[in-house]
Peer 1: 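Below you'll find the structure I mean.
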Amino acid sequence: MTNNGLLLKVLAAVIGCFAGAYIGQELLGGAALGWTVTGAIVAVFCYPLFKTLRERRARP
């Protein structure tokens, strides 16, 4: 994987974290539904980054 691919995954994860926080707190009020939606958004945006980091660590 090139550094550009990793950089895009990091940027997507950061954007997803900010979007999840905004949607969960401002639009849904931070209630249980907001926590659920925030968790789903963060998971979708951060999964590619975590998967890549895990694969890189597993390599000898």
Peer 1: Below 3.5 Å, can you tabulate the donor-acceptor pairs from side chains in residues 11-19 to any protein atom, sequence neighbours excluded?
Peer 2:
none

Peer 1: Distance-only check: which donor-acceptor pairs under 3.5 Å involve side-chain atoms of residues 42-51, not counting sequence neighbours?
Peer 2:
none

Peer 1: Donor-acceptor pair, distance only, cut-off 3.5 Å: does the side chain of Thr38 make one with the backbone of Ala21?
Peer 2: no

